[in-house]
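The block underneath contains the structure these notes are about, expressed in structure tokens.
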Amino acid sequence: PNLVLSGAMYFNGGGSVVLTGSSGDYYTTVGGISGNGGNLQVKNNTSVANANLTINVAQGESYTYSGEISNKRNYWDSNPVANKTINITKTGAGSQYFTSKTRVELTSVRVSEGVIGMAASLDQNLMLDGGYFSMTVGNLSAANIEWNAGGLIFDKTALDNGHKIELSGELFKMGEGPIEIDFDGLDGSKYIGKSFDLISSFGGLTTLNGDANVDFIATDLTGALADFSWNDNTLSVTFTNVPEPASIAALFGLAALAFAVRRRK
């Protein structure tokens, strides 16, 4: 049941790849998925079968696939499919994007390395173990996020189009340190005073601090500071001005003066 492609899988306008057999666990590894059509599907029968798809994209490579992928439908006869899962693991330092807006239906996504982006519906969890999930393609719905390392990319396209993550459960912070929100080189000076919703979590904040700036940190942002906050279990970011050098110097001066006064006492 195992298929390993060291290179990429290309769809040239159509075709389909079945990721499951009649029953059991099936394992497929590809070096990327590219193409402007076709679909990745599951086999339609009454048996339980689990597809485990590893996308191992080499450093410096980036692939975009605009076809559909579903754990709920067989494309040969369009009948609904039950008892099937598709679990994706992203490895390798390169990037993989699924750009279909009509059907990307998966069970779970685990990001271990590199970048993966999609507008998708996950039955279970998004798991971040060191790579980055990009929101540039569209909205994501999932049960939970399990964060150990790495982060989320909200670039200019994601912010301008209001892309967000909607969780029916919650965001579990399982690793140490802050969760990275990567703005992919965004010039924040053009967004001063603007706020954007990033993640809504129906299940609450049991593993997170009430002060969102403790658990989240902005990276790859220029011209502004990012202020994170929780409002009714929705994580938002507001862009604020970077303090002028004179203001920073004044703050340091006040801190030094306060320290000197305490020492005299």
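If you read the sequence from its start, that first residue is 1, and numbering goes on from there.
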Ionic contact status for Asp123 with Lys72, cut-off 4.0 Å: yes

Salt bridge Arg110-Asp129, side-chain N to carboxylate O under 4.0 Å: yes

Could you pull out the closest heavy-atom pair between [X] and [Y], with the gap in Å?
X	Y	result
Thr102	Ser100	OG1-OG, 3.2 Å
Lys43	Gly21	CB-O, 3.7 Å
Val242	Gly223	CG2-C, 3.8 Å
Asn213	Ala226	OD1-O, 4.0 Å

Verdict with supporting geometry, His163 and Asn161, side-chain contact (heavy atoms from CB on, under 4.5 Å): CA-CA 6 Å; His163 297 166; Asn161 289 279; 3.4 Å; yes

Test of ring centre spacing under 6.0 Å for Phe183 and Phe239: yes

Centroid separation Tyr65 to Phe11 less than 6.0 Å: yes

Working to the nearest 0.5 Å, report the span between [atom1] of [X] and [atom2] of [Y].
X	Y	atom1	atom2	answer
Leu225	Asn241	CG	CG	8.5 Å
Asn87	Thr107	CG	OG1	5.0 Å
Lys194	Ser236	NZ	OG	15.5 Å
Ser195	Asp227	OG	CG	8.5 Å
Lys84	Ser23	NZ	OG	8.5 Å
Ser16	Ile69	OG	CD1	12.5 Å

Verdict with supporting geometry, Thr85 and Asn50, side chain to side chain donor-acceptor pair (under 3.5 Å): CA-CA 5 Å; Thr85 70; Asn50 304 304; 2.9 Å; yes

For Asp155, all residues meeting salt bridge (Lys or Arg N to Asp or Glu O under 4.0 Å), sequence neighbours excluded: none

Step-by-step side-chain contact (heavy atoms from CB on, under 4.5 Å) determination, Leu40 to Met9: CA-CA 11 Å; Leu40 298 165; Met9 178 187 297; 4.2 Å; yes

CA sep, side-chain torsions, deciding dist, call: Thr234, Asp197, side chain to side chain donor-acceptor pair (under 3.5 Å): CA-CA 7 Å; Thr234 296; Asp197 290 343; 5.5 Å; no

Within-4.5 Å side-chain heavy-atom neighbours: Gln41 and Ser70: no

Glu146 vs Leu128 side-chain heavy atoms within contact, under 4.5 Å: no

Hydrophobic cluster membership, Leu3 vs Tyr10, 4.5 Å side-chain cutoff: yes

Sole candidate of Ile116, Thr54, Val111 that passes side chain to side chain contact (heavy atoms under 4.5 Å, CB included) when paired with Ile88: Ile116

With Leu126, the side chain to side chain contact (heavy atoms under 4.5 Å, CB included) member among Leu140, Leu167, Leu171: Leu140

Transitive ILVMFWY cluster of Tyr97, excluding itself - 4.5 Å side-chain cut-off: Val115, Tyr132, Val137, Ile153

